[in-house]
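Working notes, structure below.
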Amino acid sequence: MANKYSKLGYGNAGDVASAIESGKIDGKDLVVTKDTSELYYIKNDKSVQKIQTRTQLFNSPGEAIAALNKSSDTYAGQTVMIRDENGKYQPYTVQASGDSSFVVEPTFTANAGFVWQEF
């Protein structure tokens, strides 16, 4: 029986397809890109799946609290997005409540006078 293992590839994002074609990486391998700091999983059919976190989206704070308290992977400090009265998503932070449950609080950013200057 042949040994089957997964490899960890490291290279530029634009070179992933050619590395698959050349056989350097194949199914069940992981790739960390050095130029974009992304993580990819190469499926058995040699298609590429980008691994990324998915921010949970909710329509109201009540909906968020109910869902977060039912989920086993909720944690204090987690960021979620909740739709405001204008239909736009706003960031909220999950906080631990005193009774071993979770609540959400709006995340506020202070204007420190920082100006982004593109050149």
Side-chain angles (χ1 to χ4, degrees):
M1 186 169 125
N3 290 333
K4 180 64 181 165
Y5 56 90
S6 294
K7 297 183 292 295
L8 180 61
Y10 183 68
N12 291 324
D15 297 333
V16 172
S18 61
I20 293 170
E21 288 175 21
S22 70
K24 289 181 181 177
I25 56 175
D26 57 10
K28 298 183 182 173
D29 289 346
L30 293 171
V31 174
V32 177
T33 60
K34 61 183 176 182
D35 58 341
T36 60
S37 299
E38 295 173 307
L39 181 63
Y40 294 103
Y41 175 69
I42 311 305
K43 296 181 181 182
N44 286 337
D45 64 1
K46 297 186 181 175
S47 62
V48 179
Q49 178 180 348
K50 182 178 177 182
I51 299 173
Q52 59 189 15
T53 60
R54 298 197 186 265
T55 303
Q56 294 183 60
L57 306 176
F58 300 101
N59 290 315
S60 70
E63 178 186 322
I65 291 168
L68 292 166
N69 280 297
K70 287 180 185 175
S71 176
S72 63
D73 62 351
T74 300
Y75 59 93
Q78 177 179 358
T79 301
V80 297
M81 301 297 278
I82 300 176
R83 199 181 301 264
D84 67 13
E85 61 277 355
N86 297 319
K88 295 185 178 184
Y89 286 106
Q90 301 298 326
Y92 280 68
T93 304
V94 176
Q95 301 291 347
S97 184
D99 60 357
S100 299
S101 64
F102 295 99
V103 296
V104 293
E105 295 179 352
T107 303
F108 295 104
T109 57
N111 183 349
F114 179 80
V115 176
W116 181 262
Q117 180 62 53
E118 188 171 344
F119 59 92

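Fair warning: this is a prediction, and the values are worked out from it, not measured in the lab. All residue numbers in this chain count up from 1 along the given sequence.
You'll find the side chain of Tyr41 stays beyond 4.5 Å of the side chain of Lys50, heavy atoms only. When side chains are defined from C-beta on, Leu57 counts as touching Met81, because their heavy atoms get closer than 4.5 Å. Taking the side chain as every heavy atom from C-beta outward, Val48 and Ile42 approach each other to under 4.5 Å. Counting heavy atoms from C-beta outward, Val104 and Leu68 have side chains that approach closer than 4.5 Å.
Across Val80, Ile65, Asn69, a single residue satisfies side chain to side chain contact (heavy atoms under 4.5 Å, CB included) together with Val94, and that is Val80.
Under the 3.5 Å distance criterion, the side-chain polar atoms of Ser6 are matched with a main-chain donor or acceptor of Lys28. Listed for the Asp84 side chain is a donor-acceptor partner under 3.5 Å among the backbone atoms of Asn86. No donor-acceptor distance shorter than 3.5 angstrom exists from the side chain of Ser47 to the backbone of Lys43, with no hydrogens or angles considered. Remark: side-chain polar atoms of Asp29 are paired, donor with acceptor, to backbone N or O of Asp26 under 3.5 angstrom.
Of all heavy-atom pairs spanning Thr36 and Ala13, the tightest one is OG1-CB, 3.8 Å. Nearest heavy atom pair, residue Phe102 against residue Tyr75, reads CE2-C, 3.9 Å. The heavy-atom pair separating Ala96 from Ala76 by the smallest distance is N-CB, 3.9 Å. In plain terms, the two heavy atoms of Ile25 and Gly9 that are nearest each other are CG2-CA, 4.4 Å. The nearest pair of heavy atoms linking Lys34 to Asn12 is CG-OD1, 3.4 Å. Closest approach of Pro106 to Tyr92, counting heavy atoms only: N-CD2, 3.4 Å.
Rounded to the nearest 0.5 Å, atoms CD (Gln90) and OG1 (Thr107) are 10.0 Å apart. Interatomic distance, CG of Asn59 versus CZ of Arg83, reported as 5.0 Å (0.5 Å rounding).
Note on Tyr40: it does not cluster hydrophobically with Tyr10, by side-chain heavy-atom contacts below 4.5 Å among ILVMFWY residues.
Remark: Lys7 NZ is packed, more than 12 non-hydrogen atoms of other residues, nucleotides or ligands lying under 6.0 Å away.
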